[in-house]
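Values below: all heavy atoms of this structure, side chains included; hydrogens, waters and symmetry mates excluded.
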Amino acid sequence: FALKQIDKWLAGRKLAVIYFNWGRHDLKHVKAGSWKNSNNPADPMRASVEQFSQNLKVIIGKLKATDAHLIFATTTPVAPGTINPLRDPDAPARYNSAAVNIMNANGIRVDDLYALCKPQIAEWQLSHNVHFMAAGWTGLARHLAPVIQEELADAVTDRKVKLTPMQPNDSSKQNSL
């Protein structure tokens, strides 16, 4: 999905910082030959680690072309027993490892949300799910805000850019990167 949308999302924007993740949907099992979610472990994941890596390299090329400071967030853990669709709790570590290697090769800052969340998975994530409870959203926000603020400060200093906040009623920009 993002590969088809990224050019539209970035078009006409001057971004100081882009905080991004790639991979959560690649980890889910889908019925062979379709994109329909599956709970069958024999069905393939939506993208292999190799395909994930290739896609990520394309996305990075487009993000780097913006001259924004980039921060990649690793994919958070998958709670054991996650279904609808099935996701393997061991998959994020494999995909994150590939992603971190790509980020390091491209000089992109990595924010390891997997490591942050893993010890707190029972308190932060819904059981049998990839989504968070209020405590998890709060914990993530407390962690993310200073990371983004630090990178924004560096971007402003490095590029002498003036930050202009998006307007809350500008719905065309609210769900972008």
side-chain contact (heavy atoms from CB on, under 4.5 Å), that's the test. Do L116 and D112 meet it? Break it down for me. CA-CA 6 Å; L116 173 72; D112 195 353; over 6 Å; no

Report the C-alpha separation of Q54 and V58 in whole Å, then their side-chain angles, then the decisive distance to 0.1 Å, and conclude whether the side-chain contact (heavy atoms from CB on, under 4.5 Å) test is met. CA-CA 7 Å; Q54 289 174 6; V58 172; 6.0 Å; no

Please report the C-alpha distance between V30 and M45 in whole Å, then the side-chain angles of each, then the deciding distance to 0.1 Å, and finally whether the side-chain contact (heavy atoms from CB on, under 4.5 Å) criterion is met. CA-CA 6 Å; V30 293; M45 288 190 207; over 6 Å; no

Steps toward side-chain contact (heavy atoms from CB on, under 4.5 Å) verdict (D111, T74): CA-CA 6 Å; D111 189 9; T74 58; over 6 Å; no

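Judged by distance alone, with hydrogens and angles left aside, the side-chain atoms of S97 form no donor-acceptor pair with the main-chain N or O of R94 at under 3.5 Å. Listed for the R87 side chain is no donor-acceptor partner under 3.5 Å among the backbone atoms of I83. Put simply, the side chain of N40 gets close to the backbone of A42: a donor and an acceptor are under 3.5 Å apart. Checked by atom type and distance alone, the side chain of H29 pairs as donor or acceptor with a backbone atom of D43 at under 3.5 Å. Here the side chain of N39 pairs a donor or acceptor atom with the backbone of L86 at under 3.5 angstrom. S53 places a side-chain N or O within donor-acceptor distance of the main-chain N or O of V49, the cut-off being under 3.5 Å. Here the side chain of W137 pairs a donor or acceptor atom with the backbone of F132 at under 3.5 angstrom.
Between the side chains of N21 and T75, at least one donor N or O lies within less than 3.5 Å of an accepting N or O. In summary, the side chains of Q125 and N129 do not present any donor paired with an acceptor at a separation below 3.5 Å, with no hydrogens or angles considered. Remark: the Q5 side chain and the K8 side chain contain an N/O donor-acceptor pair separated by less than 3.5 Å. The closest side-chain donor-acceptor pair between H128 and N84, if any, does not fall under 3.5 angstrom.
With a 4.5 Å cut-off on side-chain heavy atoms, T82 and K28 do not count as touching. Between F20 and L56 there is a side-chain heavy-atom pair separated by less than 4.5 Å. Counting only heavy atoms from C-beta outward, the side chains of I6 and L63 approach each other to under 4.5 Å.
For the side-chain contact (heavy atoms from CB on, under 4.5 Å) with P92, the qualifying choice from V78, L113, V130 is V78, the only one to do so. When each of V147, D154, I71, L70 is checked for a side-chain contact (heavy atoms from CB on, under 4.5 Å) with V17, only I71 meets the rule.
In terms of heavy atoms, E150 sits closest to R109 at OE2-NH1, 3.3 Å. Heavy-atom minimum distance, T76 versus C117: CG2-SG, 3.8 Å. Of all non-hydrogen atoms in Y95 and A47, the two that sit nearest each other are OH-O, 2.5 Å. Closest approach of P89 to P80, counting heavy atoms only: CG-CA, 3.7 Å. Across every non-hydrogen atom of N106 and I102, the tightest pair is ND2-O, 2.8 Å. Between F52 and A98, the shortest heavy-atom contact is CE2-CB, 4.4 Å.
Residues L3 and I60 share a hydrophobic cluster, clusters being chains of Ile/Leu/Val/Met/Phe/Trp/Tyr side chains in contact below 4.5 Å. In this structure, Y114 is not a member of the same hydrophobic cluster as Y19, with clusters built from ILVMFWY side-chain heavy atoms closer than 4.5 Å.
Note that the NE2 atom of H69 and the CD1 atom of I148 stand 14.0 Å from one another [nearest 0.5 Å]. T138 OG1 to M133 CE: the interatomic distance, rounded to the nearest 0.5 Å, is 11.0 Å. K57 contributes atom NZ, which lies 14.0 Å from atom CD1 of I59 (distance to the nearest 0.5 angstrom). Atom NZ of K62 sits about 8.5 Å away from atom CG of L10, to the nearest 0.5 Å. One distance of note links CG of L15 with CD1 of I18; it measures 5.0 Å at 0.5 Å rounding.
The 12-atom threshold is exceeded at NE2 of H143, counting heavy atoms of other residues, nucleotides or ligands nearer than 6.0 Å.
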